[in-house]
Every structure is written in C-alpha cells, then in structure tokens.
Amino acid sequence: MSSSSIELGSRPDGDASLKPLEFAVTLNDKARDPKDREAILANPGFGVYFTDHMVDICWSEWGGWHRPRVQPYGPIALDPAASVLHYSQEIFEGLKVYRHADGSLWAFRPDMNAKRLNRSARRLALPELPEEYFLQALRELIKVDGGWVPSAPETSLYVRPFMFAKEAFLGVRPAKKVGFYVIASPAGAYFSKGVAPVSIWLSTDYSRAGRGGTGAAKTGGNYAASLLPQSEAYEHGCSQVLFLDAETGTHVDELGGMNIFFVHKDNKLVTPRLSGTILDGITRNSIMTLARDRGLEVVERDVTIEEWRDGVASGQITEVFACGTAAVITPIAELKGANGLQIGSADAPAGELTMALRDELTGIQYGRVPDRHDWLIKLED
Ligand SMILES: *Cc1c(COP(=O)(O)O)cnc(C)c1O
C-alpha cells in the first residue's frame with residue numbers, strides 16, 4: 001500500500017507556497033498483533049518498546065527534503081564513514097502524545113518542538129526542516145501507530161524526532177546528506193508509585209556546556225558529556241546530576257536533561273535565565289506561563305548555590321523542582337555534593353505549589369483541565 005512520493009527541492013524557508021509532503025507508506029507486515037500490543041501497553045516502561053512504524057525523510061544539499069516515507073520500524077543502514085558516527089552532527093526532540101478520555105489523541109505544543117529543532121539545526125550546521133513537515137511527520141506516524149498511545153493514567157506515547165549527518169565522508173564540514181526520522185515509544189507513568197521527591201548530585205568536576213558551545217541545542221553530544229557525571233550521581237545515591245555554569249562555577253545551570261525552578265515564600269518563582277548554556281525547555285516555558293496565570297512573579301536570573309543553601313536555611317526558598325517532558329515535574333528533596341555539601345533533606349515532601357503546577361499541567365495534557373492557551377494539537381479523533 002503506497003502512494004507516490006514526490007521529490008521536493010524546496011528550501012526550508014517557511015514560505016506559504018510550501019507544498020505538503022506526500023509520504024510513501026509501507027505498512028509493517030510484521031506489526032504486533034493487538035493482543036501483544038495491549039500486553040506491552042499495560043506495562044511499557046520508558047524507551048524500551050517501539051511502535052510498528054517510523055518516519056524517514058532524506059535531505060541533500062542539491063535536492064532539499066525529499067523521499068518522505070512511513071515505513072516499518074527497523075534498523076537504519078549507514079555507511080561506516082557516515083559523519084554522525086565520527087563527528088556527532090546530530091540533534092533530536094522529545095514530545096508526548098496523550099490519549100484523552102474520549103479516545104482522541106493530542107500532542108502538547110509540537111510547534112515549539114519544531115521551532116526548537118530548527119534552532120538546534122542551525123547550531124549543528126544541519127538543514128532546517130519546515131515546521132509544517134515536522135507536524136506532518138507526526139501526523140503520518142500517528143495515523144498508522146495511533147493504537148500505540150496507551151490510555152492508563154499518566155501514560156503517553158513518547159515521540160522522538162531526530163536528524164543526523166549520514167554522508168559518507170571523513171572530512172570535517174557540514175554533511176551534504178542528512179536524514180530526519182521520527183520514532184515513538186509508549187511510556188508508562190513516570191512515578192508509578194506516586195510522585196516521589198528525588199535527591200540530586202552537584203557536579204563540580206565536570207560541565208555540561210560552555211559559553212558559545214552547544215548547551216542550548218538538543219544534541220546528543222551534550223548527553224554524552226553528562227553520562228560520566230551522571231554515574232557519579234548514582235554512586236552517591238542520587239538520581240540526577242546538577243551542573244553549574246562552566247565559566248564561573250557559581251550558579252546553577254540545569255540538570256542533565258531537566259530545567260530547575262525555585263519557589264520563594266513571597267509568591268515568586270525563580271529559574272535560571274537562558275544564558276546560552278541551558279536548554280530552553282517547553283515544560284519550563286509552560287510552567288512559567290501557568291505560574292504567571294496564578295499571579296506569581298516569575299523571575300529568570302542567575303541562582304547561586306549559596307543563595308539556594310541560605311534560602312532553604314532561612315525559609316526564603318520553600319520548594320525546588322525539576323521539569324522536562326519525560327517526568328513533567330519532579331520535586332527535588334535535596335542537593336548533595338563534594339565536601340559534604342547538603343541542602344535540604346532526603347525525606348523532604350513534595351511542595352504544595354510544585355504539585356499544584358504538576359496537576360494543572362498534566363491536567364491540560366490529558367484534557368482534564370481547559371487548555372486556555374491552546375497548547376494541544378489534535379492528531380486524531
Ligand atoms: C529536552 C531537555 C530539557 C527539557 O525540555 P522539555 O522541552 O521541557 O522536554 C531540559 N534540559 C535538557 C538538557 C534537555 O535536553
């Protein structure tokens with residue numbers, strides 16, 4: 001079953017004359033039968049199982065975006081000289097599709113992911129993908145794999161778009177052949193036994209990103225650099241690592257894959273400003289909006305470890321939480337670090353505002369709370 005694919009030579013300039021892509025669809029004849037799929041959806045974990053199909057769009061310097069396909073999920077054949085394998089020219093996105101009570105399927109702010117993908121693309125010298133194509137790719141995948149969106153509370157389908165350099169060339173320059181893909185993986189409730197505050201570890205030996213680097217881009221290299229400090233966190237009984245700014249080593253940047261917020265007692269919400277070394281999280285952005293709606297003052301500025309320590313001690317800082325698409329909002333109980341650093345305590349309960357914001361945001365995502373900012377985009381009835 002396939003429709004003809006057309007070669008598109010269009011440039012990624014977001015112009016109105018952009019024609020929709022015509023995806024060639026090849027259905028997976030080894031797709032899991034509904035019974036097996038339901039068994040997986042009953043206990044999907046995170047990032048372990050993948051749906052039956054994937055999206056694959058090619059780009060070349062001479063042909064632009066072309067050969068859009070929906071095809072069976074499976075290995076990607078790469079030349080061993082493909083530049084991504086040597087120079088990490090790669091970017092990705094992460095977003096979720098939610099099933100509402102009436103069965104309909106919705107994506108949360110996918111337009112923001114499309115825009116961010118292009119900001120990452122610019123930094124990594126990859127081609128920009130017209131936003132319309134990004135959204136179309138999402139729709140095409142859900143059209144064939146919508147049955148993979150689970151329905152139990154707090155579950156979703158995690159969608160992972162990514163782009164990388166696949167030209168076989170060992171010289172160092174931006175690749176002239178690139179692939180854009182979308183895969184999807186059903187995700188269980190992040191906190192299966194109720195929201196549990198976490199302990200985090202302050203990395204002082206390692207940085208995630210530096211001035212002029214790639215910290216603001218969603219690129220695999222940032223994660224590669226965070227893995228060693230992340231294992232250090234595990235060794236100290238912490239589930240996440242927190243990074244300081246590389247330049248002065250004094251203020252808080254973000255966690256390995258989540259942004260951070262501080263609740264102050266005087267109705268204020270403080271989060272590190274987008275300095276160029278932290279990732280502009282869509283959850284972060286949404287939380288700032290919801291907090292302002294509640295009448296809180298939201299401040300983006302530098303936050304030092306001393307301010308955190310003294311603020312918790314004096315009662316000025318009442319709650320701390322991390323946020324990102326995967327866990328939405330995770331309360332932070334304590335920060336630990338070298339030389340006996342200890343802020344907060346392991347048994348600190350989740351904060352009141354932390355949980356209220358979490359309930360509101362997940363409420364919007366699952367259709368329980370009115371979507372007054374029009375954040376949801378319907379993918380299927
Ligand atoms: C993706 C990511 C986040 C969170 O972004 P969301 O859009 O909220 O999911 C935060 N920090 C890093 C380093 C990330 O890669």
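Computed over heavy atoms, backbone and side chain alike; hydrogens, waters and symmetry mates excluded. We count ligands from 1, going down the list as the structure has it; atoms in each ligand are counted the same way.
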| query | Can you name the closest pair of heavy atoms from Val312 and Gly344 and give their distance? | reply | CG1-N, 4.2 Å
| Closest protein heavy atom (residue, atom, distance) for atom 2 (C) of ligand 1 | Lys218 NZ, 2.6 Å
| message | Counting C-beta onward and ignoring hydrogens, is there a side-chain heavy-atom pair between Trp62 and Lys176 closer than 4.5 Å? | response | yes
| Is the Trp375-Phe108 ring centre distance short of 6.0 angstrom? | yes
| With a 4.0 Å heavy-atom cut-off (strictly under), which part of Leu279 contacts ligand 1: side chain, backbone, both or neither? | side chain
| message | Within this structure, what is the CZ-CD distance for the pair Arg69 and Glu22, rounded to the nearest 0.5 Å? | response | 15.0 Å
| task | Starting from atom 8 (O) of ligand 1, locate the nearest protein heavy atom and write down its residue, its atom name and how far away it is, to 0.1 Å. | result | Thr283 OG1, 2.6 Å
| field | Heavy-atom gap Gly256 to ligand 1 smaller than 4.0 Å | value | yes
| query | Between Thr325 and ligand 1, does any nitrogen or oxygen pair lie at a separation below 3.5 Å? | reply | yes
| What is the nearest protein non-hydrogen atom to atom 11 (N) of ligand 1, stated with its residue, atom name and distance? | Glu254 OE1, 2.6 Å
| task | Please confirm whether Asp280 comes within less than 3.5 Å of ligand 1 when only nitrogen or oxygen atoms on both sides are compared. | result | no
| field | Any N/O pair Ile282/ligand 1 closer than 3.5 Å | value | yes
| query | For atom CD of Glu300, is the number of surrounding heavy atoms from other residues, nucleotides or ligands below 6.0 Å larger than 12? | reply | yes
| said: If the test is side-chain contact (heavy atoms from CB on, under 4.5 Å), which one of Thr354, Ile282, Leu361 qualifies with Ile287? | reply: Leu361
| field | Nearest neighbour of atom 10 (C) of ligand 1 from the list Gly324, Gly257, Gly281, on a heavy-atom basis | value | Gly257
| message | Under a plain distance cut-off of 3.5 Å, with no hydrogens placed, do Arg109 and Ser286 share a side-chain donor-acceptor pair? | response | yes
| task | Flag Arg284 as yes when one of its N or O atoms lies below 3.5 Å from any N or O atom of ligand 1, and as no otherwise. | result | no
| Is atom CZ of Arg301 surrounded by more than 12 heavy atoms (other residues, nucleotides or ligands) closer than 6.0 Å? | yes
| request: Check the side chains of Ser104 and Asp381 for a donor-acceptor pair under 3.5 angstrom, ignoring hydrogens and angles. | output: no
| field | Atoms of ligand 1 close to Arg116 [distance to a heavy atom under 4.0 angstrom, numbered from 1] | value | 5 (O), 6 (P), 7 (O)
| said: Within the 4.0 Å heavy-atom shell around Arg208, which atoms of ligand 1 are there? | reply: 13 (C)
| message | Out of all atoms in ligand 1, which are within 4.0 Å of some heavy atom of Tyr223? Include the element for each. | response | 2 (C), 12 (C), 13 (C), 14 (C), 15 (O)
